[in-house]
> 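Here it is: the structure, laid out below.
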Protein chains: 2
Amino acid sequence: MVSAQASSQQTGPEAGPETGPETGAKQRGRGRPRSFDRETALEKAILAFWEHGYEATSVSDLTKVMGIGAPSLYAAFGDKRSLFDEVVREYGTRYGSFGDRALAEEPTARTAVERMLREAAAEYTEPGRPHGCLVIHAATNCTTPEVEESLRDRRNANIAAIESRIRSGIAAGELPADADAAALARHTGAMIQGMSQQARDGAAKEELEALAELAMAIWPRS
Amino acid sequence: MVSAQASSQQTGPEAGPETGPETGAKQRGRGRPRSFDRETALEKAILAFWEHGYEATSVSDLTKVMGIGAPSLYAAFGDKRSLFDEVVREYGTRYGSFGDRALAEEPTARTAVERMLREAAAEYTEPGRPHGCLVIHAATNCTTPEVEESLRDRRNANIAAIESRIRSGIAAGELPADADAAALARHTGAMIQGMSQQARDGAAKEELEALAELAMAIWPRS
DNA sequence: AGATTTCTCTAGCGGTCGATACAGAAAAAA
DNA sequence: TTTTTTCTGTATCGACCGCTAGAGAAATCT
């Protein structure tokens, strides 16, 4: 947005030169191709921001884990802020989509929430990657208010999506007409946030699953 | 710990010179008395760390809100780290004691947890001060692992205290013998952490109270 | 009064922050 | 080949970080 670097957001020249010449609309540029894979570098950035958060991850940390120099980072991703924005978006599609999937695929609001909580228990304790949720923890202590707000908006939007699903469940008759959709959605959000925090604090997958099961006891008989 | 500044942790010369000469054990020292009130300066530091967290609150921020120069801060509180430690301790006694009080004063584990959740709803949305809980949010994105760990330990100790209270409730017969004390305690902790997060994200006191009431539905019939 | 002790203010230390200028290297285009 | 374009590595930039030396101010002690 800020600089004249217009190519920051594009997918890039598809890694190696082995890619066929007729893959995209705009062929790869003329000059020297970049020497690293943008996708895997982005993945490394996701893991770094996920583990340490926006401000605690320095550009120097990023260049180290991504294996590239600072100028390459700025040329490929823009400044730290826009890299983080892209990281959050990619994180959403790669790791944070289980909630939306449950809401879309499950037949009832209740089973959707139940699956969401159960999958959160697994996602948040998956070995080999940071525990908990990036959206919940990556911008908690932040001197840049806009970054803090962007993740806050995302969290509140998630709760609103749950509430919306519960409302249509009530309309469909799967839940009592006097069920409090807002409270149920907020409760689900609170459980997920609490589970994410506890995953960070060392809770095991089984403990979080017990939590998920326990939490479903508040739902009205269907 | 590091320097020879041994007087950092003491209460200080009781503010003004109007204090009677026979108040404490060790009279006030010989030299120039400090020109600010240590207690109120500490309170300002609590609010700053509470709102922005450990790393996002710079020493420059601290000297501004505390109304003193950096050398005065270091002389009175030690370095940033030890000031934060004292802030956490003071926060615990001034703002974070409602949980322990509920556990100690209520007649049953269930009413203790219920009161704890209800009071958390009020505490975390109290106007005129930062929302949510300092222990939960002040060291989330932290490049100093020891600081992060110290708050993590505090959180886990709180859950352990709840579990212990539930266990004695089971022993006293107020809860079924097969009640899962660990899961109930973890659930309470997760609810409190979720409530704190939502308070930060803009939830109102009434919404958190509804959450607290909802959460109690998981408890076994007594 | 001096002498002594302690605090406060200014100024600045070395280090790291995010971000970039510049020159050389490596590719495509001519 | 030469030219053009783009990327990469070095070497910073100014700003801020946590922290402190040193000198003067303000109290007590003798």
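The chains referred to below are lettered A, B, ... by the order of the sequence lines, with proteins before strands, and numbering in each begins at 1. Small disclaimer: the values here were computed from a predicted structure and weren't measured.
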> Would you say D/dC7 has OP1 or OP2 under 4.0 Å from some side-chain N or O of A/Ser72?
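No, because none of the side-chain N or O atoms of A/Ser72 sits under 4.0 Å from OP1 or OP2 of D/dC7.
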
> Is it true that A/Glu39 and A/Arg94 have a side-chain N and a carboxylate O under 4.0 angstrom from each other?
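A/Arg94 and A/Glu39: salt-bridged.
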
> Between the protein and nucleotides 1-6 of chain D, list every N/O to N/O distance that falls short of 3.5 Å.
{"from": "D/dT4", "atom 1": "O3'", "to": "A/Arg30", "atom 2": "NH2", "distance (Å)": "3.2"}

> At a heavy-atom distance below 4.0 Å, what parts of residues 61-71 of chain A sit against DNA chain D?
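Contacting residues: A/Pro71.
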
> To the nearest angstrom, how far is A/Lys80 atom NZ from D/dC16 atom P?
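My rounded result for the distance is 16 Å.
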
> Check this for me: does any side-chain nitrogen of one of B/Arg38 and B/Glu86 sit under 4.0 Å from a carboxylate oxygen of the other?
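The answer is yes: the pair qualifies as a salt bridge.
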
> Please give, in whole Å, the distance from C/dG18 C1' to A/Arg81 CZ?
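About 14 Å, once rounded to whole Å.
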
> Within this structure, what is the CG-to-P distance between A/Leu73 and D/dC7, rounded to whole angstrom?
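Checked: the CG to P distance equals 13 Å.
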
> B/Arg34 has an atom CZ; how far is it from atom C1' of D/dT28, in whole Å?
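Taking atom C1' of D/dT28 as the reference, CZ of B/Arg34 is at 16 Å.
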
> Please check the phosphate of C/dT8 (OP1 and OP2 only) for any side-chain N or O of B/Ser35 closer than 4.0 Å.
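Yes, such a contact exists.
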
> In whole angstrom, what separates B/Phe77's CZ from C/dT8's P?
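Rounded to whole Å, this separation is 11 Å.
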
> Just call it for A/Thr144: base, sugar-phosphate, or nothing, with non-hydrogen atoms closer than 4.0 Å on any strand.
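Nothing, no nucleic acid heavy atom in range.
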
> Name the residue from A/Glu213, A/Met191, A/Glu209 that meets the side-chain contact (heavy atoms from CB on, under 4.5 Å) definition with A/Leu117.
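Going through A/Glu213, A/Met191, A/Glu209 one by one, the side-chain contact (heavy atoms from CB on, under 4.5 Å) with A/Leu117 is satisfied by A/Met191 alone.
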
> What class does the angle between the rings of B/Tyr95 and B/Trp50 fall in, given that below 30° is parallel, 30 to 60° is tilted and above 60° is perpendicular?
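Judged by the thresholds at 30° and 60°, the geometry between B/Tyr95 and B/Trp50 is tilted.
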
> Would you please confirm or rule out a distance under 4.0 Å between OP1 or OP2 of D/dT20 and any side-chain N or O of B/Tyr74?
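It does not, given that no N or O in the side chain of B/Tyr74 lies less than 4.0 Å from OP1 or OP2 of D/dT20.
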
> In whole angstrom, give the distance that lies between atom CD of B/Glu55 and atom P of C/dC17.
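About 11 Å, once rounded to whole Å.
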
> Does A/Glu123 come within less than 4.0 Å of A/Arg118, counting only side-chain N to carboxylate O?
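A salt bridge is absent here (no side-chain N lies under 4.0 Å from a carboxylate O).
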
> Within the side chain of B/Arg186, is there an N or O that forms a donor-acceptor pair under 3.5 Å with the backbone of B/Ala181?
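Checked: no pair found.
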
> Are B/Glu149 and B/Arg154 close enough for a salt bridge, meaning some N to O gap below 4.0 Å?
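The answer is no: the pair does not qualify as a salt bridge.
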
> With a 4.5 Å limit on heavy-atom distance, are the side chains of B/Arg81 and B/Val147 in contact?
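Heavy-atom side-chain distance check passes, below 4.5 Å.
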
> Is there side-chain contact between B/Leu134 and B/Tyr54, with at least one heavy-atom pair below 4.5 Å?
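Side chain of B/Leu134 against side chain of B/Tyr54, heavy atoms only: no contact under 4.5 Å found.
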
> If you check the B/Val59 side chain, which of C/dT20, D/dG18, C/dT8 turns out closest?
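That would be D/dG18.
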
